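A quick write-up on the structure given underneath.
Throughout, protein chains are lettered first and strands after them, A, B, ... in sequence-line order, and every chain is numbered starting at 1. Small disclaimer: the values here were computed from a predicted structure and weren't measured.
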Amino acid sequence: DAKTTQPTSMDCAEGRAANLPCNHSTISGNEYVYWYRQIHSQGPQYIIHGLKNNETNEMASLIITEDRKSSTLILPHATLRDTAVYYCIVRVAGVNDYKLSFGAGTTVTVRA
Amino acid sequence: NAGVMQNPRHLVRRRGQEARLRCSPMKGHSHVYWYRQLPEEGLKFMVYLQKENIIDESGMPKERFSAEFPKEGPSILRIQQVVRGDSAAYFCASSPPAGGDNTIYFGEGSWLTVV
C-alpha cells in the first residue's frame with residue numbers, strides 16, 4: 001500500500017513558486033517526510049526532509065501540517081531545469097528503513 | 001565532496017553476456033544500496049550491502065544477479081547471462097553509518113541495454 005499520495009502532474013510558470021502537495025495520512029510518529037526528484041535520464045536527487053517543523057535549504061522549503069498528515073514542497077522560483085518527477089517518501093530516519101518506496105510521483109513541467 | 005559514482009553510465013550487452021556495474025559510495029558512507037528502474041516504472045529496491053556483507057538481498061532476482069561490496073574497491077552488481085528483460089537503469093545509492101542523519105544519496109545510474 002502506498003504511504004503517500006501525490007497529484008499525477010502539474011505545470012508551473014518559470015520564475016513562479018511551485019507548490020507540490022503530498023498526503024501521508026498514515027504517517028507514524030517516527031517517520032520523516034523526504035522529497036527527491038528525478039530529472040529525465042538522471043538519478044534521484046535528494047531535495048529536503050523534515051519531521052514536524054518546517055524546513056528550508058538552498059533548493060526548497062518543506063511545510064508540514066501540524067497533524068503531519070500532509071506536506072507541501074515549495075520551489076520558490078521555478079526554472080526550466082526544475083522540470084522533473086518529484087517523489088514524496090516517508091521513512092524512518094534510521095539505517096533500517098532503506099527500501100524507499102518510489103511511487104508515481106508528480107511530474108512537474110516548468111514552462112517558459 | 002564527490003557524490004555516488006557509478007560506471008559505466010551506459011552499457012550494451014548481447015543476450016547471454018555478463019554485465020558488471022560498479023559503484024563507489026560517497027566519502028564516509030559505509031552503506032550501499034542498489035535499485036533498478038525498468039522502463040516506464042518506478043525504482044525498486046534490490047540489495048543493501050555493507051563492507052564485505054550482504055545485509056538484505058530481498059529485492060534481487062533469485063538467479064543470475066549477484067552483488068558484492070569488498071573491503072577494498074567499489075561495490076559491484078553482476079548480471080550473468082543477460083536477457084532483454086534486464087534492460088533497465090540501475091541506480092546505486094549510499095548512506096552514512098548508523099546514527100545521525102542517514103539520508104540516502106543516489107548516483108546517476110548505469111543504463112543497461114540488452115540486444
Checklist entry - From B:E108 CD over to A:I39 CD1, what is the distance, rounded to the nearest 0.5 angstrom? => result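 One finds 8.5 Å between CD of B:E108 and CD1 of A:I39.
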
Check the hydrophobic clustering (I, L, V, M, F, W, Y; side-chain heavy atoms under 4.5 Å; chains of links allowed) and say if [X] and [Y] are grouped together.
X: B:I104; Y: B:M5; value: no
X: A:Y32; Y: A:I89; value: yes
X: A:V33; Y: B:Y105; value: no

Checklist entry - What closest approach, in Å, do A:R91 and B:T103 show between heavy atoms, and which atom pair accounts for it? => result NH1-CA, 4.1 Å

Item to check | Test log, rule side-chain contact (heavy atoms from CB on, under 4.5 Å), inputs A:Y36 and B:L43 | outcome: CA-CA 12 Å; A:Y36 287 82; B:L43 282 85; over 6 Å; no

Next on the checklist: Counting neighbours of NZ on A:K99 that are heavy atoms of other residues, nucleotides or ligands and sit closer than 6.0 Å, is the number greater than 12?
Outcome noted: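 Enclosed: over 12 neighbouring heavy atoms sit under 6.0 Å from NZ of A:K99.
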
Item to check | Heavy-atom neighbours of B:Q81 CD exceed 12 at 6.0 Å | outcome: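 No.
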
Checklist entry - Do any of residues 41-50 of chain A have a heavy atom less than 4.5 Å from a heavy atom of chain B, and if so, which, in residue order? => result A:S41, A:Q42, A:G43, A:P44, A:Y46, A:H49

Checklist entry - If contact means a heavy atom pair closer than 4.5 Å, which residues of residues 58-84 of chain A contact chain B? => result none

Item to check | Non-hydrogen side-chain atoms of A:L100 and B:Y33 separated by less than 4.5 Å | outcome: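 SC-SC contact between A:L100 and B:Y33 ruled out.
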
Next on the checklist: Given heavy-atom pairs under 4.5 angstrom as the criterion, report whether the side chain, backbone, both or neither of B:Q37 touches chain A.
Outcome noted: side chain

Checklist entry - For B:F45, is it the side chain, the backbone, both or neither that has a heavy atom under 4.5 Å from a heavy atom of chain A? => result side chain

Item to check | Under 4.5 Å from any heavy atom of chain B - which part of A:Y34 | outcome: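 The side chain, not the backbone.
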
Checklist entry - With a cutoff of under 4.5 Å between side-chain heavy atoms, which Ile, Leu, Val, Met, Phe, Trp and Tyr residues group with B:L112? => result B:L11, B:L21, B:V32, B:W34, B:M46, B:V47, B:L49, B:I54, B:M60, B:F65, B:F69, B:L77, B:I79, B:V82, B:Y90, B:V114

Checklist entry - Does a side chain donor of either A:Y98 or B:N102 reach within less than 3.5 Å of an acceptor in the other side chain? => result no

Checklist entry - Which class fits the ring pair A:F102 and B:F106: parallel under 30°, tilted 30 to 60°, perpendicular over 60°? => result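 Rings of A:F102 and B:F106: perpendicular, over 60°.
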
Atom pairs and distances, donor-acceptor, side-chain atoms in residues 7-21 of chain A, under 3.5 Å, two or more places apart:
residue : atom : partner : partner atom : Å
A:D11   : OD2  : A:R111  : NE           : 2.9
A:D11   : OD2  : A:R111  : NH2          : 3.2

